[in-house]
Amino acid sequence: MSNLLTIPFKKTYPVSVKEATRNYIYAHGGGHPDEFKDDINLWQNLRKDGVGGVVHVNRINTSLLYHAQLVSILTKLPADIGLDIAYAPVFQENAVPVTLKSLVFERCGVLFNLASLYSQLATSEDRSTTDGIKRATTNYQYAAGVLSFLRTSAASKIVYPPDEDIARDLSDTFITSLELLMLAQAQECSWQMARMNQYKNALIAKVAARVASLYQATSQTIRGASPSIKDIFPSDWLPHIEAKFHHFSAVSQYRKSMDEIEASSYGVEIARLQEAQVEAKKAYDVARRGRIAPPVMQDIQSLLEIIQKNLSRAERDNDLIYHHDVPASPALIAIAQTNLVSSMVPSTLSDLTTLIGSGRLIFGELVGWGAKEAINIYNDRRQNLVKQNILDVSAELQDTADQGLRIMHLPSSLEALERPIGLPPSLLRKAEEIRLEDGPTKIEVSIEDVQRLAQQDQAILDEAMDILDNEASEDEAARKFSTLDRLPSHEANVELITKEKRYRTILMQAAASDETVRQKWDEWEQKIVELTWDEGDLETSIPSSTISSSAATTTQGRETQNHARALRVQIEALDDLHRTREQLVRRVQTLAAADDIRGRVTKVAAGFARLAEVTPAMFEDVSDEELAKYDKFLVEMSDTRQRQVAIIAEIQRLNELFLRSRKDDPAVKEREHALQNLDLAYHKYREIMGNLDEGIKFYNDLATILLQFKETCKTWSRVRNQQIHSLTRSFQKMSVEPDPRNSSPPISASTLPSTTRAPQAGDVETIDSVPQPPSAVDSTSQTTPNTSSKLEAAESTTAQPRVGLQTLNPTLMTPARGIRSTVGKSGLGLPALTSNEWNFEDVKLPPPPPTSKRRF
């Protein structure tokens with residue numbers, strides 16, 4: 001049995017690499033999964049031997065190769081590809097494993113087991129020979145190096161989901177303590193080599209002092225760790241490490257006392273022997289209480305006997321012969337330390353290309369996830385830029401201009417003056433548009449669709465409540481026969497009922513908005529219908545007006561005509577500006593549709609080192625350069641905005657002059673009023689259709705959420721009903737052999753079979769699940785350091801005193817009501833369903849029962 005500690009393997013379990021990888025490649029593109037069949041099979045085969053578990057020197061290269069391929073894979077795939085990786089905690093192979101969907105976790109497990117393999121190979125060496133000591137020293141240093149590499153390059157990259165267990169044996173403190181332990185044991189092997197080669201006592205004392213220091217650092221790291229980290233270690237490890245610290249402190253003082261004899265410092269010799277005796281006794285006490293390994297206990301006892309024997313001799317000789325003063329312990333000069341070991345990272349671990357060389361890389365032909373993510377980020381940034389700075393700004397400018405003209409009753413008031421008879425061309429175009437769309441019929445159909453979808457959403461919510469009512473009825477009936485150790489339904493489902501009330505509030509507010517739209521339609525129906533008449537009938541409905549020649553020749557009449565012409569010029573300038581802006585939007589959309597930076601990103605990615613980790617941030621410069629080609633459009637849009645503001649301001653000024661100079665002619669005013677009503681009717685038609693289209697989308701999106709809520713209620717009720725049925729079967733069994741001396745005891749949900757346990761919070765589906773919505777209505781070889789040469793060298797020395805924009809989720813649904821409105825609000829004042837103003841997303845689902853009657 002060895003007197004040194006060894007790190008056991010972390011137990012892992014088989015995983016289906018093939019299924020998860022094929023699913024990811026199929027879902028995220030980059031090629032057909034069959035193209036990478038050989039890569040997937042190679043990965044699966046490498047994992048069988050690469051994860052560790054067998055103590056053999058040949059497994060070192062196997063693990064190093066698998067690790068190198070994992071690094072390569074992580075340049076092509078993200079850490080989470082849906083593959084569950086499970087590793088049991090070290091020292092507890094039968095414990096529940098920590099399972100993470102993370103290839104980084106797999107990499108950490110491989111590195112940890114590689115360090116474990118090195119430590120086990122070191123411990124298995126025959127240290128009775130110098131060659132065995134050399135190999136053990138080397139392997140311990142490699143173990144420490146791998147642990148250092150794991151701590152600094154891999155473990156810190158693990159991302160733990162909020163509700164998942166944390167691999168405490170991959171924490172920085174735990175790995176550091178193991179690294180220090182491996183270094184301490186490597187230094188102990190070097191001390192053993194120095195003793196075997198009979199180096200000078202002063203050097204051996206310095207080497208032993210360094211051994212003690214490393215063991216002390218290990219002990220302090222463990223004791224300074226949190227209880228959850230400290231509890232991972234076996235109960236005899238900390239006593240072993242502390243006993244080793246005191247043991248080598250005693251060895252260092254003992255060897256230094258022998259050096260003092262050579263210097264004829266007999267008093268100092270006694271003081272150091274006394275200090276060695278104190279440390280040896282501490283080591284013995286710690287070892288005895290900690291029940292550490294017998295070989296360590298035997299080493300301590302042997303040392304203690306030697307120290308006591310030499311102390312008795314030294315005291316007797318000094319009393320009889322030398323009569324030197326014995327200094328106090330604090331007066332002794334501290335023993336300098338000589339370090340002969342360090343953490344050695346295998347060259348094939350730090351430089352992966354030396355291991356793989358020109359060999360095959362798994363998924364070498366696949367575009368790296370970092371590059372693909374950079375492309376996706378660029379596409380999102382471009383889409384946001386175009387939408388927010390071009391499309392939305394263009395729509396805002398159009399709305400602002402239209403609203404401004406409507407307020408000034410333009411161009412209808414101007415057309416009433418310019419065309420005393422007939423219909424203005426602009427009105428004819430609007431009437432033709434509504435006739436082609438069969439506007440009134442389209443509105444009626446859309447109103448019916450909105451009403452039907454509202455009823456459908458109401459029915460889904462009612463069905464969810466029926467499910468809770470049925471469960472409550474069963475719970476109430478069961479309570480008539482026995483006492484149930486769980487909450488009644490009306491208490492257990494309180495959070496579900498709270499959600500139901502808030503959903504119902506949404507439906508009520510939506511219904512109020514629907515009624516507003518209906519009233520708007522009732523108010524404007526006649527005028528909108530008029531716009532569908534034939535041109536002749538429509539013209540007949542508009543009164544004509546004439547201006548007498550004498551009025552036209554007056555100073556006021558000529559002034560009116562001048563203002564009208566100037567006003568018409570500015571309105572036409574505004575129309576030209578609108579057309580210019582629309583052309584700008586089409587140019588931007590055409591450029592965005594053809595914009596593809598995949599080729600450039602792939603070319604840049606190919607320029608990186610072969611196994612370099614490629615992240616989206618490495619393509620930030622490329623993304624910025626590509627987005628710069630849209631800058632000219634932003635400048636044009638800004639210029640368009642400024643020109644529109646100036647034109648509208650001029651229109652407002654001219655319109656005021658026009659209104660003041662107009663002859664107060666009742667016929668003109670009557671015709672102007674009729675044209676204004678028809679023009680406004682067209683805008684109301686567009687407003688109503690916008691309301692109805694958003695209403696249809698609103699109810700379809702809400703139906704999806706309500707279906708999820710219904711499924712949540714169904715799952716919750718099913719688990720509680722299973723409890724009831726389990727209780728019924730238990731009662732039936734009890735009734736076969738009744739015992740009149742005992743009454744039926746209360747039955748606790750915790751006593752039920754595991755299949756009918758009280759539901760827990762994780763049993764109830766969350767509102768984030770997405771059921772299918774209803775159909776929408778609308779369109780290495782090791783190198784051994786020369787330990788002897790290090791010792792000789794030490795002896796000779798002794799003798800001579802940018803941020804990109806946030807990526808948007810394209811699947812996010814934010815139904816809202818209204819046409820154009822402020823962000824998060826509809827035109828009718830309803831917040832979006834995902835808005836915090838509803839205050840229902842924060843409500844957690846009910847703790848799945850421990851059990852109940854539903855309502856209030």
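All values derive from a computational prediction rather than experimental measurement. In what follows, every heavy atom counts, from backbone to side chain, and hydrogens, waters and symmetry copies are set aside.
- The line from CG of Leu702 to CG of Leu507 is 5.5 Å long, rounded to the nearest 0.5 Å.
- The minimum heavy-atom distance linking Ala401 with Ile648 is given by the pair CA-CD1, 3.8 Å.
- No side-chain heavy atom of Asn389 sits less than 4.5 Å from a side-chain heavy atom of Tyr630.
- No hydrogens or angles considered: nothing links the side chains of His683 and Arg686 as a donor-acceptor pair under 3.5 Å.
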Tyr685/Glu433 under side-chain hydrogen bond (donor to acceptor under 3.5 Å, both in side chains): CA gap, chis, key distance, verdict: CA-CA 11 Å; Tyr685 166 75; Glu433 185 178 334; over 6 Å; no
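- With salt bridges taken as basic N to acidic carboxylate O contacts below 4.0 Å, none links Arg382 and Glu626.
- With respect to Glu656 and Arg653, no salt bridge is recorded, no charged nitrogen being found less than 4.0 Å from a carboxylate O.
- No salt bridge links Arg518 with Glu525; every basic N to acidic carboxylate O contact stays at or beyond 4.0 Å.
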Quick one, Asp595 with Tyr378, criterion side-chain hydrogen bond (donor to acceptor under 3.5 Å, both in side chains). Give me CA distance, side-chain angles, the key distance, then yes/no. CA-CA 10 Å; Asp595 192 4; Tyr378 172 79; 2.5 Å; yes
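- With sequence neighbours excluded, the residues that form a side-chain hydrogen bond (donor to acceptor under 3.5 Å, both in side chains) with Glu636 are Arg587.
- When all heavy atoms of Asp457 and Tyr699 are compared, the closest pair comes out as OD2-O, 2.9 Å.
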* **Asn384 vs Arg381, side-chain hydrogen bond (donor to acceptor under 3.5 Å, both in side chains): CA-CA, chis, key distance, verdict** => CA-CA 5 Å; Asn384 292 334; Arg381 291 179 63 187; over 6 Å; no
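- No more than 12 heavy-atom neighbours from other residues, nucleotides or ligands sit within 6.0 angstrom of NZ on Lys387.
- Using a 4.0 Å cut-off between a side-chain N of Lys or Arg and a carboxylate O of Asp or Glu, Glu448 and Arg452 do not qualify as a salt bridge.
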Should Asp438 and Thr441 be marked as a side-chain hydrogen bond (donor to acceptor under 3.5 Å, both in side chains) after you check the CA-CA gap, both sets of side-chain angles, and the distance that decides it?
CA-CA 6 Å; Asp438 195 8; Thr441 302; 3.2 Å; yes
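- Remark: Glu463 CD is packed, more than 12 non-hydrogen atoms of other residues, nucleotides or ligands lying under 6.0 Å away.
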**OP:** Could you walk me through whether Leu574 and Leu405 pass the side chain to side chain contact (heavy atoms under 4.5 Å, CB included) test, one step at a time?
**Re:** CA-CA 10 Å; Leu574 184 60; Leu405 292 179; 4.0 Å; yes
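- Salt-bridge check for Arg504 with Asp462: passed, with a basic side-chain N closer than 4.0 Å to an acidic carboxylate O.
- The two residues Leu678 and Glu530 make their nearest non-hydrogen contact at CD2-OE1, 3.6 Å.
- Here Lys684 pairs with Glu687 in a salt bridge; the nearest charged N to carboxylate O distance falls below 4.0 Å.
- Between Asp575 and Arg568 there is no salt bridge, since no side-chain nitrogen of the basic residue lies less than 4.0 Å from a carboxylate oxygen of the acidic one.
- Using modelled atom types, one finds no donor on one side chain facing an acceptor on the other under 3.5 Å when comparing Gln383 with Asn379.
- Note: Leu584 CG to Ile390 CD1 = 5.5 Å, rounded to the nearest 0.5 Å.
- Of all heavy-atom pairs spanning Pro440 and Thr532, the tightest one is CD-CG2, 3.6 Å.
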* Asked: Can you check salt bridge (charged side-chain N to carboxylate O under 4.0 Å, His left out) on Glu432 and Arg435, steps first, answer last?
  -> CA-CA 5 Å; Glu432 180 67 15; Arg435 275 198 301 270; 2.7 Å; yes
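- Taking a cutoff of 4.0 Å between a charged side-chain nitrogen and a carboxylate oxygen, Arg406 and Asp679 do not qualify as a salt bridge.
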